[in-house]
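Within every chain, numbering begins at 1; the chains are lettered A, B, ... in the order of the sequence lines, protein sequences first and strands thereafter. Model, not experiment: these values are computed from the prediction.
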Amino acid sequence: MKMSASEKQDCLVIKVDEPRIDAAVAVRFKDGMRDLTEHPARRVILDLSSVDFLDSSGLGAVVSVMKHLGRGRQLDLAGMTPAVDKVFRMTRMDSVFDIYPDTNAAIDGAAHAS
Amino acid sequence: MKMSASEKQDCLVIKVDEPRIDAAVAVRFKDGMRDLTEHPARRVILDLSSVDFLDSSGLGAVVSVMKHLGRGRQLDLAGMTPAVDKVFRMTRMDSVFDIYPDTNAAIDGAAHAS
Amino acid sequence: MLSRTAFRATFENVRLAIERAMTTLEPLHLQPEEASSIELVLAEALNNVVEHAYAPGDEGHIKLVLRHGRAGLLIEIRDNGRPMPNGRAPLGDNPKDYARADDLPEGGFGWFLIRELARDLVYDRENGENFLIFRMAIGRR
Amino acid sequence: MLSRTAFRATFENVRLAIERAMTTLEPLHLQPEEASSIELVLAEALNNVVEHAYAPGDEGHIKLVLRHGRAGLLIEIRDNGRPMPNGRAPLGDNPKDYARADDLPEGGFGWFLIRELARDLVYDRENGENFLIFRMAIGRR
Ligand SMILES: Nc1ncnc2c1ncn2[C@@H]1O[C@H](COP(=O)(O)OP(=O)(O)O)[C@@H](O)[C@H]1O
Ligand SMILES: Nc1ncnc2c1ncn2[C@@H]1O[C@H](COP(=O)(O)OP(=O)(O)O)[C@@H](O)[C@H]1O
């Protein structure tokens, strides 16, 4: 599972460099996220701009990561492509996450919120 | 193909004593009708009250009989059951024939018309 | 699955197959209107195979599968006869208002009736076999 | 018929099968919205088989048939795994408005998504085989 983390203004930005988060990689995605979020940043921004496809297993994995972060830490989403956005909307998970058009907007939004 | 003819007030009433006029009997139905309508009555009433089912082949056979009677002779229909009625309505053939609830109504109607 | 049958393609066998099918459907307690639509669409689709898919004298066979689910009754018909004209299921001509008795058609209503009664019809040719599947919307219980 | 494939039931094979299916559908020039719905519904239905129909370690197989007609895209999925719960395809739970993060479900969306995206779904158990068929309404050309 290709994913990379970088620090930007107190935020940890994690970019998924895979076209799909589906049942075949959901576990690896969760593991990767747990490793990368060992970093103590309170706000994690997940950059999904390279992800063309996410199924319900992928969605479940994103939710699981968010719950794993626990209280006091936040997982925001950025750069969702249309097909990924659709899954979040259909399952109403779009109301659970803060969603930004891209990481810059997310960092700005995060700066405002904090 | 069970069918029988009787004369009633200048009308020839032909009753089909079979539950189905379908592709399996359409030809026999046509032949039977041609034999029975050798009788010179100007008005033929086809009593369909025993027929529960008629498909497009059966419909085609009824139309064929009507055309075979030619000008100056008329084929009226009586006693159509709901499933038979539906086929005539769907194909708009209900506007081509004079249709009566039963043979008595048909004979009365014929008496009026003549 | 409600039933799966195969029979030699003759008008008489179609009649028997429809009779069996209607018996199979009895436990569904269909409305008379629904039952007569199913009976009619089966007659039109199956008789078409006897009449058009196989040449007279052909030893043709027909397979009929009935399935029932929330979406209604799913009817699948397969035969090894000739393909549909242009590889597509005919659209069926709309009935006209007939001006003169001489113009009246004596046939050609089969596909019109199928199209009126069936939903979501898909025709396909697979390995030399005609595959027809469509749905009858019947009361959901 | 557009395509017919069979493969061993693993998440990786489902991914490959979906990739092939989407390539097969290219000549239909689907709207991106239509294509992504098909991709999603295929993923949900096929992954469900891997996850629920077969036990881990089972040598299970999946058959996938895609057919195209005026009624849209017909998707047929067969497997030899365990039957659906109560012999019926699950209705799928509607998503709720979640009050607390702790309550958030991490699964159970599969059948809800299938029900939202697919039409006329029929599930049947035939000779020890699960048979699932549904339709995707795609632009008629
Ligand atoms: N099952 C079939 N296989 C091959 N060709 C068919 C089939 N059904 C119909 N056709 C073709 O489509 C035409 C229209 O069919 P239909 O509307 O049923 O009229 P008809 O009353 O002549 O059967 C037929 O004349 C035939 O050429
Ligand atoms: N193909 C299948 N075969 C057998 N059981 C299934 C199948 N698909 C789903 N199920 C059952 O239906 C339940 C709901 O499925 P679904 O909505 O997809 O949730 P999940 O996210 O747990 O897969 C599953 O937990 C399982 O018990």
Side-chain angles (χ1 to χ4, degrees), chain B residues 1 18-31 33-34 37 42-44 46 48 51-77 80-99, chain C residues 7-19 21-22 30-54 56 62 90 92-118:
Chain B
M1 190 83 199
E18 301 264 353
R20 306 174 77 84
I21 309 182
D22 60 12
V25 297
V27 172
R28 267 174 283 161
F29 168 77
K30 269 193 280 192
D31 290 347
M33 286 296 286
R34 283 184 197 190
T37 56
R42 276 187 32 218
R43 212 170 274 271
V44 178
L46 182 61
L48 295 170
V51 179
D52 301 322
F53 181 80
L54 171 136
D55 65 10
S56 71
S57 303
L59 177 72
V62 173
V63 172
S64 160
V65 168
M66 186 252 232
K67 286 161 83 173
H68 182 77
L69 281 180
R71 293 168 191 282
R73 299 185 75 189
Q74 185 166 338
L75 181 68
D76 293 348
L77 308 178
M80 293 205 288
T81 59
V84 174
D85 181 55
K86 181 160 72 176
V87 177
F88 276 84
R89 274 187 290 107
M90 286 182 73
T91 56
R92 295 218 215 153
M93 283 295 168
D94 58 342
S95 67
V96 167
F97 293 89
D98 288 349
I99 296 174
Chain C
F7 51 92
R8 211 158 54 78
T10 69
F11 291 132
E12 286 72 21
N13 284 346
V14 165
R15 189 188 256 212
L16 292 172
I18 292 174
E19 203 173 279
M22 299 318 290
L30 299 174
Q31 304 293 317
E33 170 75 19
E34 294 173 328
S36 72
S37 292
I38 293 167
E39 190 163 4
L40 184 56
V41 86
L42 282 175
E44 299 304 334
L46 296 172
N47 283 328
N48 266 344
V49 177
V50 178
E51 201 169 353
H52 300 298
Y54 294 116
I62 303 180
D93 293 328
N94 267 6
K96 289 179 270 292
D97 283 319
Y98 309 100
R100 298 182 37 198
D102 304 356
D103 297 338
L104 288 178
E106 295 172 30
F109 286 122
W111 269 98
F112 166 75
L113 290 171
I114 297 170
R115 295 274 181 197
E116 286 286 299
L117 298 168

Quiz prompt | Between CD1 on residue B/I99 and CG on residue B/D85, distance to nearest 0.5 Å | solution = 6.5 Å

Exercise. Given side-chain contact (heavy atoms from CB on, under 4.5 Å), test C/F7 with C/I62 step by step and report yes or no.
Key: CA-CA 5 Å; C/F7 51 92; C/I62 303 180; 3.8 Å; yes

Quiz item: Applying a criterion of heavy atom separation less than 4.5 Å, what residues of residues 38-50 of chain C form contacts with chain B?
Solution: C/E39, C/L40, C/A43, C/E44, C/N47

Practice problem: Find the distance between CZ (B/F53) and CD (C/E19) and round it off to the nearest 0.5 Å. | Solution: 11.5 Å

Practice problem: Considering only heavy atoms and a distance below 4.5 Å, find which of C/S37, C/P32, C/A35, C/G108 pairs most often with chain B. | Solution: C/S37

Quiz item: Looking at B/V25, B/D52, B/V63, which has the largest count of heavy-atom pairs under 4.5 Å with chain C?
Solution: B/V63

Quiz item: So which part of C/P105 gets closer than 4.5 Å to some heavy atom of chain B, the side chain, the backbone, both or neither?
Solution: both

Exercise. Using non-hydrogen atoms and a 4.5 Å limit, figure out which bit of C/T10 sits close to chain B: side chain, backbone, both or neither.
Key: neither

Practice problem: Walk me through it: do B/V96 and B/M66 pass the test side-chain contact (heavy atoms from CB on, under 4.5 Å)? | Solution: CA-CA 10 Å; B/V96 167; B/M66 186 252 232; 3.4 Å; yes

Quiz prompt | Contacts of B/F88 that satisfy ring-ring contact (aromatic ring centres under 6.0 Å, His included) - sequence neighbours left out | solution = B/F97

Quiz item: Going through the distances and angles, do B/M33 and B/S64 end up as a side-chain contact (heavy atoms from CB on, under 4.5 Å)?
Solution: CA-CA 10 Å; B/M33 286 296 286; B/S64 160; over 6 Å; no

Exercise. Could you grab the distance from atom CZ of B/R34 to atom CG of B/L69, nearest 0.5 Å is fine?
Key: 9.5 Å

Self-check item: Interatomic spacing from CZ in C/F112 to CE in B/M90 - rounded to 0.5 Å
Solution: 5.5 Å

Self-check item: Residue part contacting chain C, namely of B/L54, when any heavy atom lies under 4.5 Å
Solution: backbone

